Amino acid sequence: KIQLLENPPSKLEDSPELIVQYERDLLGVSLTYNKIDGKDVFAANCTCKEYIEGKRGIINIAAEIREMRCWTIKNGKNIGREMLYLSIIDGTCILNDVCVFSDVYEENQGLFIEGNTLFFSGIRDKKRDSFIIKKVSQI
């Protein structure tokens with residue numbers, strides 16, 4: 001028993017991801033951490049809250065996909081192709097108006113899974129004030 005205490009078979013520290021998972025399993029919501037708290041998000045220049053407050057220019061957000069809605073395009077040059085509307089969350093708030101057009105969606109289809117943490121890069125749509133994703137990568 002002393003050897004196990006001195007050299008444990010696994011880490012004795014709980015990671016933020018593990019705590020988030022425990023809290024969601026037991027409570028249905030994470031209270032202590034957000035899923036991206038344990039990730040390296042140095043390239044992000046904006047949070048969801050800053051976006052809602054009006055940040056402009058090229059926006060980079062590190063967030064978790066909370067909800068996905070897939071739509072089939074019915075008009076225009078991309079008829080029949082699919083696009084996504086996302087709700088993403090970071091430690092500040094939820095951002096609901098996130099659009100992933102068919103080109104980006106088809107290139108990165110395997111990354112778009114509810115609960116996955118991604119790095120989103122895009123711009124603000126001037127007409128609808130939604131976040132248009134131009135590039136996405138796994139954190």
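Keep in mind it's a predicted model, so treat the numbers as computed, not measured.
Note that the OG atom of Ser30 and the CG atom of Asp25 stand 11.0 Å from one another [nearest 0.5 Å]. Atoms OG1 and CD1, on Thr117 and Ile36 in that order, are 8.0 Å from each other to the nearest 0.5 Å. The distance from atom CG of Leu86 to atom CD of Glu114, rounded to the nearest 0.5 Å, is 9.0 Å. Rounding to the nearest 0.5 Å places CZ of Phe42 at 8.0 Å from CZ of Phe119. Put simply, CG on Leu118 and NZ on Lys135 are 14.0 Å apart, with the number rounded to the nearest 0.5 Å. Atom CZ in Phe112 sits 6.0 Å away from atom CG in Leu84 (nearest 0.5 Å).
The side-chain heavy atoms of Ile132 and Phe120, taken from C-beta on, include no pair separated by under 4.5 Å. Put simply, the side chain of Val98 reaches to within 4.5 Å of the side chain of Ile133, judged on heavy atoms. Using a 4.5 Å heavy-atom cutoff, the side chains of Lys134 and Ser121 are not in contact. You'll find the side chain of Leu4 stays beyond 4.5 Å of the side chain of Ile2, heavy atoms only. Side chains of Ile61 and Leu95 form a contact here, defined as non-hydrogen atoms less than 4.5 Å apart. With contacts defined as side-chain heavy-atom distances shorter than 4.5 Å, the pair Arg128/Asp125 qualifies. Residues Met83 and Tyr105 fail the side-chain proximity criterion, which asks for heavy atoms closer than 4.5 Å. Annotation: side chain of Ile88 is in contact with side chain of Cys48 (closest heavy-atom distance under 4.5 Å).
A donor-acceptor pair is defined here as one N or O able to donate and one able to accept, closer than 3.5 Å; such a pair exists between the side chain of Asn45 and the backbone of Ile58. A donor-acceptor pair under 3.5 Å links the side-chain atoms of Glu23 to the main chain of Thr32, judged by distance alone. In this structure a side-chain-to-backbone donor-acceptor pair under 3.5 Å is missing from Glu107 to Val104.
Between Gln3 and Asn7, the side chains place no donor N or O within less than 3.5 Å of an acceptor N or O (distance only, hydrogens not considered). Side-chain atoms of Gln138 and Asn116 form a donor-acceptor pair, as typed in the model, at a separation below 3.5 Å.
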### Task
Quick one: do Phe131 and Cys99 satisfy side chain to side chain contact (heavy atoms under 4.5 Å, CB included)? Show the steps, please.
CA-CA 6 Å; Phe131 184 33; Cys99 295; over 6 Å; no
### Message
Test salt bridge (charged side-chain N to carboxylate O under 4.0 Å, His left out) on Lys55 and Glu53; report intermediate values, then the result.
### Response
CA-CA 6 Å; Lys55 179 139 175 115; Glu53 291 172 347; over 6 Å; no
### Task
May I have the step-by-step check of side chain to side chain contact (heavy atoms under 4.5 Å, CB included) for Asn75 and Ile73, ending in yes or no?
CA-CA 6 Å; Asn75 297 322; Ile73 300 171; 5.6 Å; no
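Grouping the Ile, Leu, Val, Met, Phe, Trp and Tyr side chains by contacts below 4.5 angstrom, directly or via other members, places Ile94 apart from Val20. Under the 4.5 Å side-chain heavy-atom criterion for ILVMFWY residues, no single connected hydrophobic cluster contains both Tyr85 and Val100. The cluster map of Ile, Leu, Val, Met, Phe, Trp and Tyr, joined by side-chain heavy atoms under 4.5 Å apart, puts Phe101 and Leu111 in different clusters.
For the pair Arg124 and Tyr51, the cation-pi test (distance below 6.0 Å, angle within 45°) is passed.
Applying the side chain to side chain contact (heavy atoms under 4.5 Å, CB included) rule to Thr72 yields the partners Glu82; only residues at least two apart in sequence or on another chain are considered.
Taking a cutoff of 4.0 Å between a charged side-chain nitrogen and a carboxylate oxygen, Glu67 and Arg69 qualify as a salt bridge. A salt bridge links Arg81 and Glu106; the closest N-O separation between the charged side-chain nitrogens and carboxylate oxygens is under 4.0 Å.
When all heavy atoms are compared, the tightest approach of Ala62 to Asp90 is O-CB, 3.6 Å.
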